Chemist: 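Handing you this structure, nothing more for now.
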Amino acid sequence: MSAPEDRPDRSRSDSSRSDSPRADRSAGRADGPRGDRFDRSAPRRSDAPRGDRPTGGYRGDRPTGGGYRGDRPTGGGYRGDRAGGGRPGFDRRGGRPARPAVDLPRYAAYQAVAAVHRDDAYANLVLPSILREEGLVGRDAGFATELTYGTLRHTGTLDAIITDAAGREVERIDPPARDALRLGAYQLLHTRVPAHAAVSSTVDLVRSVVPGAAGFANAVLREIAGRDLDAWVAKLAPPMETDPVGHLALAYSHPQWIVRAFAEALGGDLGETERLLIEDNERPPVHLCARPGLADPVELADEVGGAPGAFSPYAVYLSGGAPGDLPALAQGRAHVQDEGSQLVANALAVAPLDGPDGRWLDLCAGPGGKSGLLGALAAQRGARLTAVEVSEHRARLVEQATRGLPVSVLHTDGRTVGADPELPEGHFDRVLVDAPCTGLGSLRRRPESRWRRQPSDLPPLTRLQRELLTAALRAARPGGLVAYVTCSPHVVETHVTVTEAARRAEVPADFVDARTLLPAGMPGLGDGPTVQLWPHRHGTDAMFLAVLRRG
C-alpha cells in the first residue's frame, strides 16, 4: 500500500493542479473545469445543510451527473460491476500487478457502496455476495461491513464535508471517485484507522477506479483530515439555537424532513430526538425469534452463544457472527426478526378474544417473519393462519418461512376482501395488517433508505394503508381483532392513518389499549391506546401498534 502523497498527482499534463483541493482539477469533476461547461443550475455550496437529501448528485433515486447516462456509468472506471473491468491492482491478461493493489476489505466496501448508488441496490442484499466472491471472512468481513454500513448511514454529513474540502459540490465529482472519497472520509472521521492509512488506502482505491483523480483525492482527504468530526460539524452545521432541525440533520446525517417527523412523533422533544438520531447511527443488534413450540429461547441462546431478549418471550440477542449459518435457522426452529416485530405480532395473539379463535389472517405477509411467529403460535392453539401477499416473489418467501406450519399462502391483493372467495368478509378471528410504509423505523438496518425516501412518498402509502386497514376490518368477524402495524413513527402513517381508517370504515370498531398486550413493566409506552416502540427507548425498530375490535 503506497504512502500518502505529499501533493496532488502531477503525472498528467494538467497544469492547473496545485496542493490545495480547492484548485480546479478536471480529473475530479465529471464535466471539466469551470467555464462554459459548468452547470450553473446546480445548487451552490453554502455552510448550511443542503436540503433534505445528501448532496451526492442525485435527483429522485438516480445519479444526475458525474459520468452516468441512464442507469449505466459512462466513465470513471465502472464496467459492469467491476471497477476498471477487474479487481484493482491486477493485470487481467497476465495476472501481474498492474498498479498499486487495493486491500480487499476496502474494495469490497467500495463495490457495495457503488452498487447502492449506481444500481439502487440494498446493502444487506449485495454485500454478502460480494464478501463471498472476494473470500472475506472474520475480521476482514467485519471491517468491510463496518465501512459499507457506516458510509451509507453518514452519507449526508460526509457529502457536506467533501463538498467543503473539495470546493465543489459532490455531484461534480466522478461517481467512482465520489464513493471512494466517502469511504475515505468515513475512515478519517468515524474509525480508529490512522489518518495516513485512511488517506493512502483511499488514494490507492481512487487510482484503481479513476486513475486521473488520485491527486485530487489525496488533496481532498488531507483537507478533511485537518479537522475531526466535531470541528467539521461546528463549521458546517447551522446553530442549534436558531435552526435545530438543520443542525441535527447535518450533525447526525439524516434528511431534515425525517428529523422533523421524528421530533413531531416525540412531542417536540429535541433532546430525545437527538438521542434517537444517535441510536439510528449505531450498528443494530441481530435478534432471533425462537419459534414457540419448536425452540426454547433460553436453550437457543446457549446454543448460539447469545442472550435471551429483554421484552419478547421469544427473542434471543446475538453477539455477532453470521446468523444465516446457524443450524436453528436452517432447521426452522428460529428466524431472524427484530424484537419489536415479535412484540407487535405477539400482541395480536395474546389479546383477549371471546368466541371462536381458529381463523387467523396476515393481510400483508411478505417476507414472512411475522407469519412465521403467528404460524408457530397458531400451531400450539389449533388455529390456522392465512397469509396474503400481493408480490409473487415475496409470496414465495412467505411459503419458505412458514414451511411445516399451519399456514396457507395466498398470492393476491389484501384489499380484495369480500371479492375473493378465499378472503370472505366477517370470517377471521384475528387479523394482522403489517402495512407497507416508509420504513423510517428501521433506518439502523437499511441505511440507504433515509436518502431514498421523500415526503412525496407519503400520500400514496397512507392511502394504501387506509385501504388495507379498512379491508382488514371487513375481514374480521364481529368481536374479532385487528392489529395495525407499521415500521415507522411518522404520525401520518400511524395515528392519522389508523384514526381515519377507523372513522371511514363501513363497520364499527373500538380501540383496545395495546399497552396491556405488551410485557408488564415495559417502559416508555406512552398514554395509549396505541403504542410506539423506539430504538433509543426499547432497543427495537420503531414499530407502531394499534389494536381494534370490530363491533
Side-chain angles (χ1 to χ4, degrees), residues 1-2 56 77-78 80-84 86-90 99-155 157-158 162 175-210 217 221 224 253 281-286 318-326 336 443-451:
M1 189 175 296
S2 64
Y78 281 128
D81 290 332
R82 287 290 193 178
R87 182 177 298 180
F90 294 90
R99 58 176 78 101
V102 178
D103 70 89
L104 286 182
R106 287 180 171 89
Y107 179 55
Y110 166 79
Q111 290 183 81
V113 170
V116 167
H117 294 142
R118 182 187 64 228
D119 305 326
D120 290 343
Y122 289 93
N124 67 314
L125 299 181
V126 299
L127 181 60
S129 63
I130 292 171
L131 297 178
R132 286 194 298 270
E133 183 178 346
E134 300 295 353
L136 294 177
V137 296
R139 293 179 62 184
D140 285 345
F143 183 51
T145 301
E146 165 66 15
L147 290 185
T148 299
Y149 280 87
T151 299
L152 293 172
R153 287 190 189 100
H154 294 278
T155 294
T157 302
L158 296 175
I162 292 169
R178 183 168 65 213
D179 286 333
L181 284 171
R182 287 165 172 160
L183 286 162
Y186 178 77
Q187 292 173 68
L188 287 168
L189 300 173
H190 290 277
T191 75
R192 296 180 180 179
V193 175
H196 69 87
V199 173
S200 174
S201 61
T202 305
V203 170
D204 286 345
L205 176 58
V206 172
R207 185 176 288 111
S208 295
V209 297
V210 194
L221 291 167
I224 293 173
S253 202
N281 287 335
E282 294 296 320
R283 181 189 304 175
V286 176
L318 284 186
S319 57
D325 298 334
L326 297 174
V336 176
L443 297 183
R444 301 181 303 166
R445 303 184 189 283
R446 298 176 179 86
E448 62 281 317
S449 294
R450 70 183 71 179
W451 311 117

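What you see is a predicted model, and the numbers here were worked out from it, not measured in a lab. The first residue of the sequence shown is numbered 1, and numbering continues consecutively from there.
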Chemist: Output the distance between atom CG (Leu147) and atom OG1 (Thr191), rounded to the nearest 0.5 Å.
Modeler: 7.0 Å
Chemist: If every non-hydrogen atom of Arg445 is compared with every non-hydrogen atom of Pro285, which pair is closest and at what distance?
Modeler: NH1-O, 2.9 Å
Chemist: Can you name the nearest heavy-atom pair linking Leu183 to Val113, along with the distance?
Modeler: CD2-CG2, 4.2 Å
Chemist: Taking C-beta and beyond as the side chain, do Leu318 and Leu326 meet within less than 4.5 Å on heavy atoms?
Modeler: yes
Chemist: At their closest point, which heavy atom of Tyr110 faces which heavy atom of Pro176, and how far apart are they?
Modeler: OH-CB, 3.2 Å
Chemist: Strictly distance-based, threshold 3.5 Å: is any side-chain N or O of Ser449 a donor or acceptor partner for the main-chain N or O of Leu443?
Modeler: no
Chemist: Using every non-hydrogen atom in the two residues, find where Ala177 and Val210 come nearest and quote the distance to one decimal.
Modeler: N-CG2, 3.7 Å
Chemist: Do Tyr186 and His154 come within less than 4.5 Å of each other through their side chains, counting heavy atoms only?
Modeler: yes
Chemist: Give me the atom names and distance for the closest heavy-atom approach of Val199 to Leu188.
Modeler: CG2-CD2, 4.2 Å
Chemist: Heavy atoms, side chains only, cut-off 4.5 Å: are Trp451 and Leu152 in contact?
Modeler: no
Chemist: Stepwise, does the side chain to side chain donor-acceptor pair (under 3.5 Å) test hold for Glu133 with Gln111?
Modeler: CA-CA 11 Å; Glu133 183 178 346; Gln111 290 183 81; over 6 Å; no
Chemist: Could you check whether any side-chain N or O of Arg450 sits under 3.5 Å from a backbone N or O of Arg153, counting only pairs where one atom can act as donor and the other as acceptor?
Modeler: yes
Chemist: Can you tell me how far the OG1 atom of Thr151 sits from the CG atom of Leu158, to the nearest 0.5 Å?
Modeler: 6.5 Å
Chemist: Is there a side-chain contact between Arg182 and Thr155 (heavy atoms, below 4.5 Å)?
Modeler: yes
Chemist: Does a sphere of radius 6.0 Å around CZ in Arg446 hold more than 12 heavy atoms from other residues, nucleotides or ligands, not counting ones at 6.0 Å or beyond?
Modeler: no
Chemist: Rounded to the nearest 0.5 Å, what separation is found between the OG1 atom of Thr145 and the CG atom of Asn124?
Modeler: 11.5 Å
Chemist: As an exercise, state the distance from OG1 of Thr202 to CG of Leu221, rounded to the nearest 0.5 Å.
Modeler: 5.5 Å
Chemist: Do you know the tightest heavy-atom contact between Ala108 and Ala144?
Modeler: CB-CB, 4.2 Å
Chemist: Please round to the nearest 0.5 Å and tell me the distance separating atom CG of Asp140 and atom CZ of Arg106.
Modeler: 10.0 Å
Chemist: I need the Leu104 CG to Phe143 CZ distance, nearest 0.5 Å.
Modeler: 12.5 Å
Chemist: If we count only N and O atoms by modelled type, under 3.5 Å, do the side chains of Arg178 and His117 hold a donor and an acceptor together?
Modeler: no
